[in-house]
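Remarks on the structure that follows.
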Amino acid sequence: MKKRNNNVMIAALGLVLTLGATGCSVFKPSSSREGSGKGLQGWVETEKGEAAKVTKEAKAEAVKVEKAAKAEAEKAMAKVDGKIQQKSQGVLTGDWAIETVLGKKAVGETAPFIKFVPEENRIYGNNGCNIINGQYTSDSKEKSLTFGNLATTMMMCGQNNITDAEIGEALGLTVRYSMENGSEDETLLRFYDAGGKIVMELMHRDFHFLDGTWAVKSIDGEAVNVEGMKIALDVDEKKMHGNTGCNIINGELETDMDAANSISFSKIGMTRMACPDSGWETRMMVALEEAVTAKKVSADEIEFIGSSGQQVMLLKKSSPIED
């Protein structure tokens, strides 16, 4: 027993001597923190330094992201300002509905239009039946304009007496243009031939004329006598909210600038309250589904037009919808 105790004491003494010789401490930082301090105090100071470094890097990254976002926003605003300036200077840009061609009302299976892309000096559009594209050269100071390398698809048109051929002819005759403001949401563009004759008239419309609440006055040309039948439109939010006179409807509004004055309503949902069956609610829903074009009739009236060119709904400015 005595011999065993002596061994324990010798082992303990050896451990003490070892610790003393190496200078180790149970609080000494690991080798990765050797130069940062001594013992627990050194560890704490090192951690503070690391945290400060991370915070500094995070702030630097945040500043970098903020600068990038600001630059992107300024770039977007500059692009918008550029378009506004181009319009004010009479530069041809954007989409234009073809209203008349060679003295005739422009008629097509779809709404005829031209889209100017000044960055490419190209036009794209539709002559009422086929897709058209080509190059153009213009001078906003001299108001000169010519078209070249015009091409169209070759689809067979099912409707007679449309003006697709006249549109191609008029573009080929064009040598000059003029641009003037109409109402607050319209700009009129005219093309002239070498003799000064108007060969085409086009209209650019801002879809914000749709914004607001509108009472449904007629559907398919028949007067509506349903109290409270209204729709509210928000172009920027692309939302449609309405009342059939009994049920509430909500949906999405889409405008397609590649097709002149083109609109469509989708994802329409409706409450299911029990309503007197007058048939008008169903007709309202069908008219919204059939609408492909929107036009301003007067300061307080708009109309939705179907694919065959018929008026499917006439609306008049009204007070807000009450749910």
Side-chain angles (χ1 to χ4, degrees), residues 83 86 91-139 143-179 186-205 207 253-266 289-295 303-312:
K83 288 184 177 180
Q86 283 182 335
V91 175
L92 296 169
T93 185
D95 67 298
W96 298 80
I98 301 174
E99 300 289 319
T100 67
V101 55
L102 298 180
K104 301 178 182 179
K105 178 179 174 59
V107 179
E109 294 181 343
T110 59
F113 77 98
I114 292 176
K115 182 181 185 71
F116 288 91
V117 184
E119 298 84 1
E120 303 175 6
N121 284 331
R122 295 194 66 83
I123 60 164
Y124 302 91
N126 194 297
N127 62 15
C129 175
N130 281 285
I131 295 171
I132 58 177
N133 68 79
Q135 296 177 322
Y136 74 93
T137 302
S138 67
D139 186 321
K143 294 296 185 291
S144 62
L145 174 66
T146 56
F147 297 94
N149 297 325
L150 293 171
T152 70
T153 55
M154 302 297 290
M155 294 175 59
M156 294 294 293
C157 305
Q159 185 175 331
N160 295 324
N161 300 318
I162 65 174
T163 53
D164 55 335
E166 286 88 344
I167 288 172
E169 181 181 351
L171 292 176
L173 292 171
T174 299
V175 297
R176 188 173 63 85
Y177 74 95
S178 68
M179 191 185 299
E186 294 180 343
T187 303
L188 179 64
L189 175 65
R190 290 191 174 99
F191 295 165
Y192 302 86
D193 64 13
K197 181 181 177 180
I198 297 173
V199 294
M200 188 179 292
E201 292 181 310
L202 308 94
M203 190 75 73
H204 173 79
R205 291 187 174 88
F207 276 104
L253 164 66
E254 290 291 338
T255 58
D256 183 0
M257 297 306 287
D258 286 336
N261 306 324
S262 174
I263 64 165
S264 64
F265 297 97
S266 62
E289 291 177 357
E290 290 181 343
V292 296
T293 304
K295 288 188 177 181
E303 64 179 350
F304 296 155
I305 299 171
S307 58
S308 298
Q310 81 284 12
Q311 184 191 86
V312 296

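Being a predicted model, the structure only gives us computed values, none of them experimental.
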Original post:
Can you name the closest pair of heavy atoms from Tyr136 and Pro118 and give their distance?
Top reply: OH-CA, 3.2 Å
Original post:
Roughly how far, to the nearest 0.5 Å, is the CD1 atom of Ile131 from the OH atom of Tyr124?
Top reply: 12.0 Å
Original post:
Name the one of Val292, Thr293, Ile263 that satisfies side chain to side chain contact (heavy atoms under 4.5 Å, CB included) with Ile305?
Top reply: Thr293
Subject >> Considering all heavy atoms, the nearest Gly306-Val312 contact >> reply: N-CG1, 3.8 Å
Subject >> Close side-chain approach of Tyr177 to Leu202, heavy-atom, < 4.5 Å >> reply: no
**OP:** Side-chain contact test, heavy atoms from C-beta onward, threshold under 4.5 Å: evaluate it for Leu145 versus Ser138 and give yes or no.
**Re:** yes
Original post:
What's the shortest heavy-atom distance between Glu201 and Arg190, and which atoms?
Top reply: OE2-NE, 2.9 Å
**OP:** Measure the CG-CE distance between Leu92 and Met179 for me, rounded to the nearest 0.5 Å.
**Re:** 4.5 Å
**OP:** Heavy atoms only: give me the nearest Asn130-Met154 pair and the separation to one decimal.
**Re:** OD1-N, 3.4 Å
**OP:** For this output row, return yes or no: ring centroids of Phe147 and Phe191 closer than 6.0 angstrom.
**Re:** yes
Original post:
So how far is it from Ile123 CD1 to Gln135 CD, rounded to the nearest 0.5 Å?
Top reply: 10.0 Å
Subject >> Backbone N/O of Ser266 and side chain of Glu254: donor-acceptor pair under 3.5 Å >> reply: no
**OP:** Would you mind reporting whether Thr137 and Asn121 have side-chain heavy atoms less than 4.5 Å apart?
**Re:** no
Original post:
So do the side chains of Thr174 and Tyr192 get within less than 4.5 Å of each other, counting heavy atoms only?
Top reply: no
Subject >> Spacing of CD1 belonging to Ile167 relative to SG belonging to Cys129, to within rounding of 0.5 Å >> reply: 10.5 Å
Subject >> Separation between NZ of Lys105 and OG1 of Thr100, rounded to the nearest 0.5 Å >> reply: 9.5 Å
Original post:
Any donor and acceptor pair, going by atom type alone, linking the side chain of Thr163 with main-chain N or O of Val107 inside 3.5 Å?
Top reply: yes
Subject >> Leu150 versus Leu171, closest heavy-atom pair with distance >> reply: CD1-CB, 3.8 Å
**OP:** Can you measure from CD (Glu169) to CE (Met200) and round to the nearest 0.5 angstrom?
**Re:** 10.0 Å
**OP:** Could you pull out the closest heavy-atom pair between Val101 and Ala170, with the gap in Å?
**Re:** CG2-CB, 3.7 Å
